[in-house]
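Structure first, then comments.
We name chains A, B, ... by the order of the sequence lines, and we start the count at 1 in each one.
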Protein chains: 2
Amino acid sequence: MGTLASSIEEYLKRLLALSASGYIEIRRKELSQKFQCVPSQVNYVLETRFTLERGYLVESKRGGKGFVRVKKIKISEGGLLSMLLEEISKGSMNKERARHFIQRLNEEKFISYRESKLMESVLDGLDAVENEIVRDFIRGRILGKMIIVLLKHDV
Amino acid sequence: MGTLASSIEEYLKRLLALSASGYIEIRRKELSQKFQCVPSQVNYVLETRFTLERGYLVESKRGGKGFVRVKKIKISEGGLLSMLLEEISKGSMNKERARHFIQRLNEEKFISYRESKLMESVLDGLDAVENEIVRDFIRGRILGKMIIVLLKHDV
DNA sequence: TATTTTGACTATCTTTGACTTTTACTCTTA
DNA sequence: TAAGAGTAAAAGTCAAAGATAGTCAAAATA
């Protein structure tokens, strides 16, 4: 028997494997009751085991009928997305590299032409940020958030 | 099954979609009876889901012959985008305002949900720009460029 | 020391109900 | 009969209660 955290991790992964939709929705409180622990333990598991790097997306809603949704995303090893995610995780990205990735994303039909143009317009808009370090950082940051959105709301 | 609030929201939107006049008139009390809740629940739904920023106008009258009228404000894509551009040029485009505009564009079906989330992620990404003046300026600049893309590459 | 577990405090969203205001209608009364 | 008073039938307001989830740092454990 390992830690509580890994039991919960396994449980969620089992649920995910069984789910036809590719994602699961749980009640944080219910789950914590099932494992007889505090609710924030669930957050700990999600933060440490269901990260983007590991191929998971987590969304949630508070209040009545609240939920936590965990989604498994398929990122092919060594593919465009995994390269992109890795570069983004390093923190920043220059304009040419970003433009290249956006074009490739469109070529691979991961985004539409219009979406690619929308994303490129961000790069141009950022030219007005004076400091190059800051500019590259913000560019990487925005790109990262955009990728998450694209994965969350895949076509 | 979602919340009561979203059931009522959906019901009203369905009625609106069916209505030829572009607006609907309901009795607050009747509606609350239909959904077996207190009347003020209807106000909650109207206040949170049928706001001006989302493109709805709500009017009402009390007393005998009282009613609640909900109207969808019709606006053209060009109209909405030029309002946006005007606010940007006046420098009054803060983050929340921008977010509402983007959501409105989606609600009006001028952009897809995915595109709206893509645009919103720019707003969040820009939070890392320290200086508020700079941040607002860059946000406006990017938004402006995005709008041009939307106009150019019409769906 | 690094990881895990816990709990106090906070944030967000929804639902409810007591109390207030407005309006149409009816009933008096000069 | 016109003006005013009273009444019932709406709708509005607002704050409290309820239902979730998130954050963060201290404590416990490996």
Side-chain angles (χ1 to χ4, degrees), chain A residues 1-13 15-16 23-54 56-71 145 148 152, chain B residues 1-13 15 23-54 56-71 95-96 99-100 103 107 117 120 123-124 127-128:
Chain A
M1 243 306 274
T3 61
L4 215 201
S6 44
S7 304
I8 297 177
E9 175 188 8
E10 279 168 35
Y11 175 71
L12 291 177
K13 287 187 174 167
L15 284 190
L16 261 170
Y23 66 87
I24 53 172
E25 272 184 15
I26 54 155
R27 288 285 166 87
R28 187 182 74 150
K29 198 171 165 211
E30 278 177 17
L31 186 58
S32 68
Q33 275 161 355
K34 185 179 174 77
F35 284 90
Q36 294 173 75
C37 60
V38 294
S40 57
Q41 175 73 15
V42 175
N43 297 78
Y44 176 70
V45 173
L46 294 172
E47 281 157 23
T48 54
R49 273 87 156 159
F50 294 84
T51 62
L52 187 56
E53 293 73 44
R54 296 183 183 217
Y56 297 92
L57 281 172
V58 178
E59 295 170 276
S60 65
K61 198 181 122 196
R62 306 185 189 192
K65 298 283 159 54
F67 61 83
V68 174
R69 180 183 300 147
V70 184
K71 183 174 181 185
K145 288 183 182 291
I148 291 173
K152 252 179 209 169
Chain B
M1 236 299 274
T3 60
L4 216 199
S6 46
S7 304
I8 296 177
E9 175 188 8
E10 278 168 35
Y11 175 70
L12 292 177
K13 286 188 174 168
L15 285 190
Y23 67 88
I24 53 173
E25 271 185 16
I26 54 155
R27 286 291 170 87
R28 187 181 75 150
K29 200 174 165 204
E30 278 177 18
L31 187 57
S32 68
Q33 274 161 355
K34 184 180 174 79
F35 284 91
Q36 293 173 77
C37 60
V38 295
S40 56
Q41 175 74 13
V42 174
N43 297 76
Y44 175 71
V45 173
L46 294 172
E47 282 157 23
T48 55
R49 273 89 157 157
F50 294 86
T51 63
L52 207 51
E53 280 179 323
R54 291 189 185 210
Y56 296 92
L57 197 60
V58 177
E59 298 167 280
S60 66
K61 203 176 74 166
R62 306 185 189 193
K65 299 279 163 61
F67 63 84
V68 174
R69 182 184 298 146
V70 184
K71 188 175 182 182
K95 183 176 177 181
E96 276 321 295
R99 193 184 294 282
H100 279 128
Q103 287 168 356
E107 189 126 3
K117 289 295 163 192
E120 280 184 44
L123 307 182
D124 294 327
D127 284 344

* **Closest heavy-atom pair and its distance - A/Y23, A/L16** => CA-CD2, 3.8 Å
* Structure fact -> Across all chains, not counting sequence neighbours, the side chain to side chain contact (heavy atoms under 4.5 Å, CB included) partners of B/E30 are B/R27
* Structure fact -> Ranking B/S40 and A/Y44 by the position along DNA chain C of their nearest nucleotide, the one closer to 5' is A/Y44
* Taking atom P of D/dA21 as reference, at what distance in whole Å does atom CD of A/E59 sit? -> 14 Å
* Axial cation check for B/F50 ring with B/K13, 6.0 Å and 45° limits -> yes
* If you pin A/T48 and A/V38 to their nearest nucleotides in DNA chain C, which one's is more 5'? -> A/T48
* Euclidean distance, atom CG of residue B/N43 to atom P of D/dT13 [Å, nearest integer] -> 7 Å
* Return yes when atom NZ of A/K61 has more than 12 non-hydrogen atoms of other residues, nucleotides or ligands closer than 6.0 Å, and no otherwise. => yes
* Which residues in residues 27-37 of chain A have at least one heavy atom lying under 4.0 Å from any atom of DNA chain D? -> A/R27, A/R28, A/K29
* To do: Using a 4.0 Å heavy-atom cut-off across all strands, classify B/S60 as base, sugar-phosphate, or nothing.
  => sugar-phosphate
* **Note: B/D124-B/R99 ion pair, threshold 4.0 Å (strictly below)** => yes
* Report the distance from atom CD1 of A/I26 to atom P of D/dA21, rounded to the nearest whole Å. => 8 Å
* Asked: Would you find a donor on one side and an acceptor on the other, under 3.5 Å apart, between the side chain of A/T51 and the backbone of A/T48?
  -> no
* On DNA chain C, which is the earliest and which the latest nucleotide, 5' to 3', with an atom closer than 4.0 Å to a heavy atom of chain A? -> C/dT3 to C/dT14
* Asked: Is there a donor-acceptor contact under 3.5 Å from the side chain of A/T3 to the main chain of A/S6?
  -> yes
* d(CZ, B/R69; P, D/dA11) in whole Å -> 13 Å
* Asked: Applying the side chain to side chain contact (heavy atoms under 4.5 Å, CB included) test to A/L31, which of A/V45, A/L12, A/L15 qualifies?
  -> A/L12
* Nearest-Å distance for atom pair CD/P, residues A/E47 and D/dG22 -> 9 Å
* Asked: What nucleic acid atoms does A/R49 come within less than 4.0 Å of, heavy atoms only: base, sugar-phosphate, or nothing?
  -> sugar-phosphate
* Quick check: does any side chain N or O of A/K71 sit under 3.5 Å from a backbone N or O of A/K152, one acting as donor and the other as acceptor? -> yes
* With a 4.0 Å cut-off on heavy atoms, is A/G66 in touch with a base, just the backbone sugar-phosphate, or nothing at all? -> sugar-phosphate
